[in-house]
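Everything numeric in this text was worked out from a predicted model, so none of it was measured.
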Amino acid sequence: MNIEKIKQLNDSFRKSFNGGRVIITRCVQSLTDNDRKELLKQVQEFDNFTEGNDPYGEHDFGAITFKKDTFFWKIDYYDCDFQYFSPDASDPNVTNRVLTIMRGDEY
């Protein structure tokens with residue numbers, strides 16, 4: 001697997017929400033429309049990747065403080081049928097990306 005390619009694919013997906021599925025949890029859904037839009041915008045603009053939150057360099061996880069709560073986002077890699085993990089996350093032909101956005105206590 002090509003880590004640089006995974007990073008590029010993850011960044012592209014997260015910044016555009018195109019190229020995969022975006023899932024929000026009940027707590028994110030319960031935010032006001034404006035707050036939810038702002039949180040999603042902050043996920044798309046996230047660039048605070050460190051050794052601590054991105055040890056493998058894939059840009060697949062982040063934490064955001066929003067309205068005094070911590071929210072996490074996480075990208076997972078599934079096969080084409082969403083049955084199993086992808087055999088190669090760097091190959092978009094065999095990978096479905098799923099971005100989940102949740103409040104920290106939902107993790």
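Contacts classified as ring pair (Phe, Tyr, Trp, His ring centres under 6.0 Å) and involving residues 22-50 (residues at least two apart or in different chains) are given here: F46-F49, F46-W73, F49-H59. Among residues at least two apart or in separate chains, salt bridge (Lys or Arg N to Asp or Glu O under 4.0 Å) pairs with a member in residues 34-55 are D33-R36, D35-K67.
Residues that satisfy the salt bridge (charged side-chain N to carboxylate O under 4.0 Å, His left out) test with D105, not counting sequence neighbours, are R103. Here T65 pairs with T70 under the side chain to side chain contact (heavy atoms under 4.5 Å, CB included) rule; sequence neighbours left out. Q83 pairs by the side chain to side chain contact (heavy atoms under 4.5 Å, CB included) definition with D79, D81, not counting sequence neighbours. Residues satisfying the side-chain hydrogen bond (donor to acceptor under 3.5 Å, both in side chains) test with T25, not counting sequence neighbours, are E106. S86 is linked by a side-chain hydrogen bond (donor to acceptor under 3.5 Å, both in side chains) to T95, counting only residues two or more places apart in sequence or in another chain. Qualifying side chain to side chain contact (heavy atoms under 4.5 Å, CB included) partners for D91, counting only residues two or more places apart in sequence or in other chains: D88, N93, V94. For L9, the side chain to side chain contact (heavy atoms under 4.5 Å, CB included) partners two or more places apart in sequence, or in a different chain, are K5, P92, R97. Partners of K74 by side-chain hydrogen bond (donor to acceptor under 3.5 Å, both in side chains), not counting sequence neighbours, listed by chain and number: D60.
A distance of 10.5 Å separates CG of L99 from CD1 of I24, quoted to the nearest 0.5 Å. Separating the CZ atom in R26 from the CG atom in L31 is a distance of 13.5 Å, to the nearest 0.5 Å. Distance CD1/I3 to NZ/K7: 10.5 Å, rounded to 0.5 Å. A distance of 10.5 Å separates OG of S90 from CD of Q8, quoted to the nearest 0.5 Å.
The aromatic rings of Y78 and F85 sit parallel, their planes meeting at an angle under 30°, below the 60° perpendicular limit.
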Starting from the C-alpha separation in whole Å, work towards a yes-or-no answer on side-chain contact (heavy atoms from CB on, under 4.5 Å) for I75 and V98.
CA-CA 5 Å; I75 298 174; V98 176; over 6 Å; no
If you look only at distance, which donor and acceptor atoms sit under 3.5 Å apart when one is on a side chain in residues 15-22 and the other is two or more places apart or in another chain?
residue, atom, partner, partner atom, Å
S16, OG, S12, O, 2.8
S16, OG, N18, N, 3.0

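Within a 6.0 Å sphere centred on CZ of F82, heavy atoms belonging to other residues, nucleotides or ligands number more than 12.
I23 and F13 fall into different hydrophobic clusters, where Ile, Leu, Val, Met, Phe, Trp and Tyr residues are linked whenever their side-chain heavy atoms come under 4.5 Å apart, directly or through other members.
Within the hydrophobic cluster formed by Ile, Leu, Val, Met, Phe, Trp and Tyr side chains joined at under 4.5 Å, directly or through other members, Y107 is accompanied by F61, F72, M102.
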